Amino acid sequence: MSELNLILLGPPGAGKGTQAERLRDDFGIPHISTGDILRGQVAEGTELGRQAKRYMDAGELVPDDVIIDMITERIAEGDARDGFLLDGFPRNRQQAEALNEALGSLDRRLTSVLLIDVPDDDVVRRLAGRRVCVKNPSHIYHVDFDPPKHEGVCDQDGARLIQRDDDKEDTIRRRLEVYHSQTEPLIGYYDDAGLLRRFDGRRSPDEVHAHIRATVATLRLEETL
Ligand code: AP5
């Protein structure tokens, strides 16, 4: 089978994590979220987690060297052999170039970059109402747009739902500034490379999913020809 080496790009709250969970099930490739990995380190109280937390709580990027090593090791693991879905990486030009280099050294290349576009005002509404499962942060809800069956309880494993520490309005605004200044330029970078596909993230989660799934299915077919 051909590889599907994919990046999900977009502002905070665009729905990258929401879509990644669905696409993982559709295509059987691992969802690799830098944010989830870092939050796992924070929860375990590791040295990396302790260092990362102060950047995350301030809405700033964690230093590149830490992140780049983490991801280059992760994509070389066995479960990512047939592809991966990167969520939250790369976030600047240096990370994008490091990814190209790491893939090149494995004799692999990117299949596509999937951009989920959402305006800033929607981002603030989405993140302010987001709730995540305390046991598995990839179980994502929204108090209005995607509520759980029982308030405050995860539908999938019955654990408590919590608000992320960086989902406070001031931090959300700072994360958006960082996105526009450091990550948004990657749209042009990947467009120039002929890899970018755009999706309207204002549509419902089901509609966004249907569009992305159809595009990825076509890409996979093209890879096999
Ligand atoms: P990270 O965890 O990557 O956060 P992010 O990029 O800000 O993205 P989010 O997880 O907030 O949003 P999402 O797009 O996944 O949206 P979701 O699906 O949850 O990073 C956190 C921090 O870690 C960074 O600030 C940084 O400090 C550090 N970090 C991470 N990666 C790094 C890197 N590479 N380099 C340096 N530092 C790094 O959806 C959001 C809400 O909207 C949910 O409530 C959901 O239910 C709802 N929703 C989803 N889709 C829809 C829809 N279509 N309509 C209505 N509601 C929707």
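Each ligand, and each atom within it, is numbered from 1 in the order the structure gives. Predicted model only: the values in this text are computed from it and were never measured.
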In the protein, what heavy atom is nearest to [atom], and what distance, to one decimal place, separates them?
atom	result
atom 18 (O) of ligand 1	Thr18 OG1, 2.6 Å
atom 26 (C) of ligand 1	Glu60 O, 3.5 Å
atom 35 (N) of ligand 1	Gln95 NE2, 2.9 Å
atom 8 (O) of ligand 1	Lys16 NZ, 3.2 Å
atom 53 (N) of ligand 1	Arg203 O, 2.8 Å
atom 12 (O) of ligand 1	Gly13 N, 2.9 Å
atom 23 (O) of ligand 1	Met56 CE, 3.5 Å

Could you tell me which atoms of ligand 1, counted from 1 in the order shown, lie closer than 4.0 angstrom to a heavy atom of [X]?
X	value
Phe145	55 (C), 56 (N)
Ser204	53 (N)
Ile140	18 (O), 19 (O), 43 (C), 45 (C), 46 (O)
Arg175	4 (O), 5 (P), 7 (O), 9 (P), 11 (O)
Gly201	53 (N)
Arg164	1 (P), 2 (O), 4 (O), 9 (P), 10 (O), 11 (O), 21 (C)

Side-chain heavy-atom pair [X], [Y] within 4.5 angstrom cut-off:
X	Y	value
Ile162	Val132	yes
Asp117	Ile187	no
Leu115	Tyr190	no
Pro11	Asp120	no
Leu99	Phe89	yes

Discussion item. For Asp36 and His31, which I'm curious about, is there any donor-acceptor pair between the side chains at under 3.5 Å?
Written reply: no
Worksheet item: Considering only heavy atoms, which of Gln94, His209, Arg91 lies nearest to atom 5 (P) of ligand 1?
Response: Arg91
Worksheet entry | Heavy-atom proximity to atom 29 (N) of ligand 1, best of Asp36, Thr34, Leu38 |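 Looking at heavy atoms only, Leu38 sits closest to atom 29 (N) of ligand 1.
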Can you find an N/O atom of [X] closer than 3.5 Å to an N/O atom of ligand 1?
X	result
Asp166	no
Tyr141	yes
Val62	yes
Arg126	yes
Gly17	yes
Arg130	yes
Gly88	yes
Asp146	no
Ala14	yes
Gly15	yes

Ion pair [X]/[Y], N-O distance below 4.0 Å:
X	Y	answer
Arg109	Glu223	yes
Arg74	Asp79	yes
Glu21	Arg24	yes
Arg93	Asp64	no
Asp165	Lys53	yes
Asp170	Arg173	no
Arg175	Asp166	yes

Test item, [X] contacting ligand 1 (heavy atom, 4.0 angstrom):
X	result
Gln19	no
Arg39	yes
Gly129	no

Practice prompt. Quick one: do Arg125 and Asp122 satisfy salt bridge (charged side-chain N to carboxylate O under 4.0 Å, His left out)? Show the steps, please.
Written response: CA-CA 5 Å; Arg125 263 199 307 279; Asp122 292 36; 3.4 Å; yes
Practice prompt. Step through the shown structure and confirm whether more than 12 heavy atoms of other residues, nucleotides or ligands are within 6.0 Å of CD on Glu77.
Written response: yes
Discussion item. Out of the candidates Arg91, Arg54, Arg174, only one should pair with Glu60 under the salt bridge (Lys or Arg N to Asp or Glu O under 4.0 Å) rule; please name it.
Written reply: Arg174
